[in-house]
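One structure below.
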Amino acid sequence: MIYLDYQATTPLAPEAREAMMPWLVGPEAPGFANPHSPHRAGRMAAAAVEVARAQVAALLPPGGRVVFTSGATEAINLALAGCGRKRLAVSAIEHAAVLDTARVLDPGVTVLPVDGDGLVDPAVAIPDGTGLVAVMQVNNEIGTVQPVAELARRAHEMGALFLCDAVQGAGKLAAPEDADLIAVSAHKLHGPKGIGALWVRDGLELAPLIHGGGQEGGLRSGTLSPALCAGFGAAAALCTRLSESDRLHVEKLWAKALALFEGWTLNGSATERWHGNINLRLPGLDVARLLSECRTIAFSAGSACASGSGRPSHVLRALGLSDRDSRTAIRIGFGRYTGDKELEEAAGAINAAARAQGVL
């Protein structure tokens, strides 16, 4: 299997797996202890959680706190429901975790449009009285990088909070310094699934989403997993240490991918984007058939969360593509553990399957 679906999830870093192992063993060792217990084993587990919290915090701006959650979806729900702001504005290409939650909390939510390149205009109209603006850092389907700093300033000028879904950007790009709330996920930066975090700017108070024992400063009750926290922390620390080599590797793969997929049309801006994502379309392409014929290659027809719904991509629709054109798109994602030869072999197979359909 050649894995080219880095936007859906990333391979677990060996260093993250090793960091997790001591907190999974028992009963012969105390690593399985509850980090909220007052005895020595519990305090050791709690210390591991705090080390991980500091490692994750290093990816985010100063002047805030990291609240561990079960993932970015929970972090986004905590931010939107917990902030107490009633009127919301979100971009048209947000992940469903933002769009659907916003619609539940504010049926009249303002949806901010994007242009044909998949970018929100920093001067986009935001209604007076808006209490929170949410725009993601990097889109999970087409990889476009949004002008979040300018949009955060706009939000603050009108007295609104700014929430940034940084799931696809954390560990790859500089953190959105001007946000009030930032959601991140471990498994999108080579950490384990089942854990994420919400960064909350100092001085901002939230209402809890999950009630119970009062863990995580009263915001997120429930026993934390030291193993998941340790894996998240180790993965975050590795992103910090390998940031430049990861960037250079992705840039090399991006240039290769553009050459290998000559003749395809790129969806989204060619310049304002994360280069570990290439979203392409071919008129007349039967994507379901392509996926079936290339079953030894892991790539996708869009967001993993929506790929089984049968609905056209709301992201590609927002760019102005027809439903027919939207259904001819594929997403290829690569990163730290992708080899040149793997990308070449995958592109060869995908192009051959497309030619067999008579569309390339």
Side-chain angles (χ1 to χ4, degrees), residues 7 67 69-115 118-122 124-142 144-170 176 178-185 188 196-201 204-210 219-220 302-306 309 311-319:
Q7 280 68 53
V67 179
T69 63
S70 64
T73 294
E74 184 190 325
I76 287 164
N77 273 259
L78 174 58
L80 289 173
C83 72
R85 303 299 177 100
K86 301 301 183 185
R87 298 187 62 186
L88 309 175
V90 305
S91 89
I93 61 170
E94 293 300 299
H95 190 280
V98 171
L99 278 169
D100 290 357
T101 306
R103 287 170 177 147
V104 168
L105 295 170
D106 177 12
V109 59
T110 298
V111 177
L112 306 176
V114 296
D115 62 20
L119 299 170
V120 180
D121 185 342
V124 66
I126 303 173
D128 291 338
T130 297
L132 180 142
V133 177
V135 179
M136 66 200 326
Q137 185 180 29
V138 180
N139 183 263
N140 56 302
E141 289 194 36
I142 58 174
T144 49
V145 177
Q146 302 300 321
V148 291
E150 294 93 330
L151 290 164
R153 283 195 288 272
R154 288 277 316 284
H156 293 155
E157 286 169 0
M158 61 192 309
L161 298 175
F162 187 80
L163 164 64
C164 186
D165 167 359
V167 167
Q168 298 290 337
D178 296 320
D180 300 291
L181 299 150
I182 303 172
V184 295
S185 178
K188 300 302 174 75
L198 179 67
W199 178 88
V200 184
R201 184 172 295 285
L204 178 58
E205 297 297 326
L206 298 178
L209 184 67
I210 298 176
L219 284 180
R220 201 271 179 181
S303 166
C305 300
S309 69
R311 299 190 304 268
S313 163
H314 73 279
V315 173
L316 296 181
R317 270 183 169 181
L319 270 62

Minimum heavy-atom distance Arg87-Asp106, with the two atoms named: CA-OD2, 3.5 Å
Check: Val133 and Arg154 side chains under 4.5 Å, non-hydrogen atoms: no
Distance, nearest 0.5 Å, that separates CG of Leu181 from CH2 of Trp199: 8.0 Å
Minimum-distance pair of heavy atoms, taken over all atoms of Pro122 and Glu150: CB-CB, 3.8 Å
Residues in side chain to side chain contact (heavy atoms under 4.5 Å, CB included) contact with Ala75, at least two apart in sequence or another chain: Thr69, Ala183, Leu198
Nearest heavy-atom neighbours spanning Val120 and Pro147: O-CG, 3.3 Å
Main-chain N/O of Gln7 paired to Gln168 side chain as donor or acceptor, under 3.5 Å: yes
Whether Arg85 side chain and Thr130 backbone form a donor-acceptor pair below 3.5 Å: no
Heavy-atom donor-acceptor pair, Asn139 side chain to Ile93 backbone, under 3.5 Å: yes
Polar side-chain atom of Gln146 near backbone of Gly118 as donor-acceptor pair, under 3.5 Å: yes
Distance (rounded to the nearest 0.5 Å) between Asn77 CG and Leu105 CG: 7.5 Å
Within-4.5 Å side-chain heavy-atom neighbours: Asp180 and His156: yes
